[in-house]
Amino acid sequence: MGKYLLRRFAFMIITLWVIITISFFFMKLLPGTPFDDERIPEAVLENMMAQYGLDKSIPEQYVLYLTNVVQGDFGVSYRIKNRDVTTIIAEKFAPSAIIGIHALIISVPLGIILGMIAALRRGTAIDYAAVGFAVIGFAIPSFVVAVALQYLIAGNGLLPSALWGTYKHVILPSIALALSMFAYYARMMRSEMLEVLGQDYIKTAKSKGLSRPVIIFKHAFRNSLIPIITSLPVVILFTISGSLVIEQIYSIPGLGTELVKSVLSRDYTVSMGLTLFYAVMYIVALFIVDILYSVVDPRIRVAGGSE
Amino acid sequence: MKSRNKRMMMILAMFIAVMVGLAACSGEESTTSQPSNTSNTGNDNNSDEVSGDEQVLNLTAGEPTALNPGQANYSQDQLITNNIQEGLMRKGLDGATLEYGLAESYEVDGFTYTFKIKEDVIWSNGDPITAHDFEFAWKEAMDPRNASPYSWLFELIALENAAELAYMEVPEDESEAETNIQAAKDAVGIKALDDTTLQVTLTRQHPAFLELTAFPTFFPVNQAFYEQVGGLDGYATEADTMLYSGPFAISEWSHDEKIVLVKNDKYWDKDAVKLDKIVFSDVADENTQVQLYSSNGVDAIRVPNDYVDQYKDSEEATQYARIQTWWFVLNMEADGVEGEFLRNEKFREAMAIGVNREELVNVAFGGLHVPGTGLIPPGLAGATPDQDYRSANPEHTDFLAYDFERAQQLLEEAKAEVGQDLPTLGLSIYERQSKEAQYLQEQYRKLGVNLEITVTDSKIRKSLFNSRDYHIIYAGWFADYDEPSTYLDLFSSTSGFPKNGFAMDEYDALLEQTQNTTDKEEKYKLYAEMESLVLSNFSFIPMSHDGFYSLQKSYVKDVAVHSTGPSRTYKWAYISGK
Amino acid sequence: MSINPSTPEGKFTPLNKETLFANEKDYKSVSFSQDVWRRLKKHKPAMVSIFVLITITLFVFVGPFMNEHDATAQNYEVIKLKPTMEGSYWFGTDDLGRDMWTRTWDGAKVSLLIGVIAALLDVVFGIVYGVISGYFGGRTDFIMMRFIEIIVGIPNIIITILLVIILEPGITAIIIAIAVSGWAGMARLVRGQVLSLKNREFILAARSLGTKPAKMMRVHLIPNMVGPVLVNISFTIPYAIFAEAVLSFIGLGVPVPDASLGTLINDGRKFLLTGSPYLLFIPATILTLIVTAFSIFGDGLRDAVDPRLRK
C-alpha cells in the first residue's frame, strides 16, 4: 500500500509537470498580449511587459514560472492589478462549490429515486414518462434552461434573477445546473437497477421467499448504487468546479466565468493557475475513485487499480 | 511565500473534505451546505426590505482592474475612482461645467498654473490632503517603472519634461534606474510650493488642461499611506489599502462580485452627498442586466442595442450622446493584392461613399447612433460656446456623402488601375459589433466588395494593429476630453496611433501650428483643415457616432452624466418616491 | 410420414444445383449488421429517433430551398417578423430581416456537420491510438495510457477555447478543437475492447497462423469493435453539438453571417425579453430534438449491438 501510494504520488507530480508545460506553451501561442489599449505608446508598453517579465524569452519565462510554482507562488493577475492567483481561485471556488453542491443534493437523490421507480414499474406509463423526461432533460442546453428559469420565475419577482449574496440567489442557478444531472442519474439508475434485477442472485432471493421490499432495498438497490457512487467523485469535481454558462447568466463570481475571462483577456497566470487547480482536483478525484472501488467492491484491490 | 502555501493547502483540504463528505452520505440530507452559505448571508444588500429612509442605489459596473488613480484605465476603473476620489477640479451636476474640487482657486501666469488647495480637506483617515499628495501622485503615474496606461496624458497636456520621465527606458541596474528616474522626476514641471500651493508648469497652452484635472490620472495619493501598504503592489488593491478623498468610500469590495460605496464622512462637501450607499454589482452579461433592471434588481442600466426598440419609448429611458466615432481603419500597409487595393485612393473613396449611413444607424443601431459625418463626433466643443465643432464644419460631410453609382464607378476604375480582381477582404470586429458589421458586409457585397468578418477580442486587435496583419478593422475612439485635439492628436506621425500607414508631413506641421496658436478661432480653422486632410485620405472611414439609451428608475434623481472622461458622478444623486 | 408422390419410390434423381443454392440462400447465416438491424427494428423509440433524424437531415438539405429566401440576405422591411405563412417566413425573421426558416436549417446543417466530423475524427484517432495501445500492451500501453490520463487532466473547456483562439475561430477550428478534447474517451474504449478481444480464440488462432499485426488489427480487431464504437459515436455527436453551442455562448462560435444552432440560440437570448421568444425557442427545440434523437438511438443501438448489455 505504501509503495503504491508513493508510485501514485510520483506519477501525480509528473502529470502536473506535463500539464504545466503543455498549457504554458499553448497559452504563449495565443495571439495578443494582456495589454490592449490602442493608445499606449510603445515605450510604456515595453515597460509594462517588463514589469510582468513578459519581455524575457519564452523558455526563460517557462523556467521562471516553474521555479515559482514549485515554491508555491502562482503569480499575480495581469487583468486585475496585483491580485494573487491563489486568492482569486480561493475566492471564486466558494460560489461555484456552493451552487455545485446544491445541484448535487437536488439531482442525485431525486435521480436515483426516479430511476428506481421507473425500473420497478418497467413498461408502464410512469416508466415512459420518466425515461422521456430523463432524455429530454439531458438534451436541453443548459443556457436555455437557465434563461427560461430566469424569465419565468425571476421575471415574476419570485426569486432574484441574478447576482450573488443571499441564499435566495443560490436557488435558481442550482436548479438550472441540477436538471441535466437529475436526468442523467435517473437514466443511469434505471438501467443499473434493471440489470441488477435480472441477475441470478435476485432470482435466488425471490425463490428463497424474501419479501419484495427486502429484495429491492437490501439487494437490488445497494448493488445498483455501486456504479453511481464510483462515478460520483468525478461528477462532483465537474459540478463544483463551476459552469461558465450558468455563472455568466446568473452573474455569479465563480470559477467558470473566471476561467473564460482569464483566457480571453490573456491573463496567463490566472489561466495557468486554474488549469493546475483543475488538474489537481481531477487527480485527487481519480484517486478517490480507486479507493471507493476497493471499498464497495472488494474484488478490486487498490494495487490493481490502474488496470 | 508561506502564507501562499498555506492557502493552497487550505483550498485542497477544503475540496477533499467536501468531496469525501458528500461521497460518504451520497446525497442524503447534507450538512455541508450549512456552513458554506452562512458566509454569504451576512451581506444582504439586495433584500427587498431596504428601510424607507436609507438612500441606496443599486447599479452595475465591471470589476475594476485598478483603483490606484495613476493606474485606472478601463471605464469602470474611472467611474469608481471618480466617485471615491477628487481632483483639483470636478465636473458639475450638469455634466460639463467645471467646479472646484480640492482646489480653492487657481492663477494662470503664462503657461504656469498655481493652484491653492482648500485648507481643511482631509483623507478618510484624517490626514490633511496637501499639494504634496498631488505632486507625488502625478510623478508616481509618470514613473516608467509603474507603466501607467495613461502616462501619455502628461505629455499631451505638455507638462514640462513629462515625456522624458514617462517614456524613459528603464536601465537594467536598479540603483542606476533609481538615480535616473529621480533626476527626471525633479525636472518635471509639478511642484508643491507648500502644503496648500501647487505649481504646474506647462510648455504651451493646452485647451483641456483644466478639464483633465478632473480626470482620475490626476487625482492625489497620500505618499505615507501608499508606502505603508506596499506601494504600487499594495495600494488600492482592497478596500482598506486606500484612502478616500471623494464623496464616497468603499465599505466592501468582493472582487468580481460587487463593490459597495458608502458616504465618506470626511469629504469636504459631505453635506451635498445624499446617498448612503451605492452597490455596484459586476454583471457581465447584457441580457442579464436587462433582466435585473426589469425585475428591480438594479436601478439603472445602459440599454443594449438590441433592446432599444423595446425601451426607447419608456419614460425611464433617456438618450445620451456619447462622444465617440466608429470608423473603418483601412490598412495601407497590407501585403498582396489586397494591399494594392487598400493603397488605391479610388478604392478607398469607393468604400467611403458606397454605404448609406442613414440606413446603417436605423437598421443596425435602432436609430441610436447618428450617421458618421466626420472624424470628430457631434457634441465636442467648437470655437464658440454656442456651436459645437461638428455643426460648424458641415462641409466635411461631403467626403462621406452616399453615392452608390459613383462608388461603383470608382471601384471599376480602381480595379482597372490595380489590374486584378478584387479579392475578399478581412474585416475584424468586436463581438458586440456583429449586427452592424453584418449590415455593412451585406451593403458592401451589393457594391461588389466582399468582406469576411472575423471576431477578435481586444487583445488580438492590439497585435493586429501592431503587426499590420489586417485589411480592415472596425474600430472607434472615445473622446478623453472636450476639445477636437482629443481626436486630431491621434493622427500625427509621432502619436503611434495610426497603425495603417497614414503619415503626412503637412498634417504634422499643422498640428504643431495649432499647439502654438492661442487664438481660438484661428486654431479651429487649422483643426478643420487637419480633419479634412485625414478624411480625404479615406483610410479612416467614419461610420457612425455613438449614442445610447440609459434606463434609470424614475425615483433616482440628479445623477451627473458626462460625455467625456468618467461616465457618471453620484455626488448629488438621491432617491425620492421609491 | 408422407412420401412425395411425384418421386417414385426407390428412384433417386440428381439434385438440381440451382435449386440447391437457391435454398442455401435462405439458410445463409445472418450477418452481424443484419442481426443488429433486426433487433434495432424492434426497438420502437430508436426507430422513432431514426425517423426524426432522417426528417431533420432531409429538412437540412431541402429546407433552405423550400422558400425563395437566402440565409444571409437582409430585408429591412420585415425585421423581427413573427412566424407567418405570408411571404413564406415560416419561422419569422431576425433583427436584420433574415429568414429564420432558411437560417435555422442552414444552422442545423453546420451543427450536424460539426458533430459528425468531430465524432469521426475522434473515431479515427481514437481507434488508431486505442488499437495500438491495447494490441501491443506492456510498456507501450503503459506509456500511452499515462499520456491519456495527463491529457484528460486538462479541462476540456480550456483546451477547446485555447485551440479555437489559436486556430482563429471558424468551423474547421471548432471541429478540431472539439475533436482534440474528445478523442481520449474513444481511445480508452477501443483499448478496452482490444484487451478483451485479444484473448479470444479466433485471435489466438489468427496469431498462431502468423498473421501480421497490421492485418490482425485491420481484419480481426477493428471489425469486431464496430458495435461499441458506433454506440459511442451516437453519444459523441450530441456532445460535439453541445460543445459548439457553448463556444457560441462565449463568442467563439461560427463566424457571422453564417449560423449554427448554437449561435442562433445565443443570439436568441436577447430576443426573449423583446417580444420575439420564437427566435430562441425554434433553434433550441431543433437542437434538443437532434440531441434527444441521437441519445435514444444510441440506447437502442447499444441494446441491439450486444443483447447481453440490454438494460
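None of the values given here were measured: they were computed from a predicted structure. In what follows, every chain begins at residue 1, and chains take the letters A, B, ... in the order their sequences are listed.
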Polar contact flag, side-chain donor to acceptor under 3.5 angstrom, B:Ser295-A:Ser161:
yes

Would you tell me whether B:Asn146 and B:Ser148 have side-chain atoms, one donor and one acceptor, within less than 3.5 Å of each other?
no

Under 4.5 Å heavy-atom distance to chain A, tell me which part of [X] shows up: side chain, backbone, both or neither.
X: B:Thr60; answer: neither
X: B:Glu238; answer: side chain
X: B:Ser151; answer: side chain
X: B:Ala166; answer: backbone

With only heavy atoms counted, which part of A:Glu258 is less than 4.5 Å from chain B, the side chain, the backbone, both or neither?
side chain

Can you tell me which portion of A:Ser107 sits under 4.5 Å from chain B's heavy atoms? Options are side chain, backbone, both or neither.
neither

Can the ring centres of B:Trp152 and B:Phe154 be said to be less than 6.0 Å apart?
no

Before we go on, tell me: are the rings of B:Phe491 and B:Phe540 under 6.0 Å apart, centre to centre?
yes

Aromatic rings A:Phe238 and A:Tyr282: how do their planes relate, parallel, tilted or perpendicular, breaks at 30° and 60°?
tilted

Top contributor to chain B contacts, counting heavy-atom pairs under 4.5 Å, from A:Glu91, A:Lys261, A:Lys92, A:Gln150
A:Gln150

Let me confirm one number: the CD-CG distance from A:Gln248 to B:Asp285, rounded to the nearest 0.5 Å.
5.0 Å

Under a 4.5 Å cutoff for heavy-atom pairs, which residue among B:Asn466, B:Leu292, B:Leu464 has the most contacts with chain A?
B:Leu292

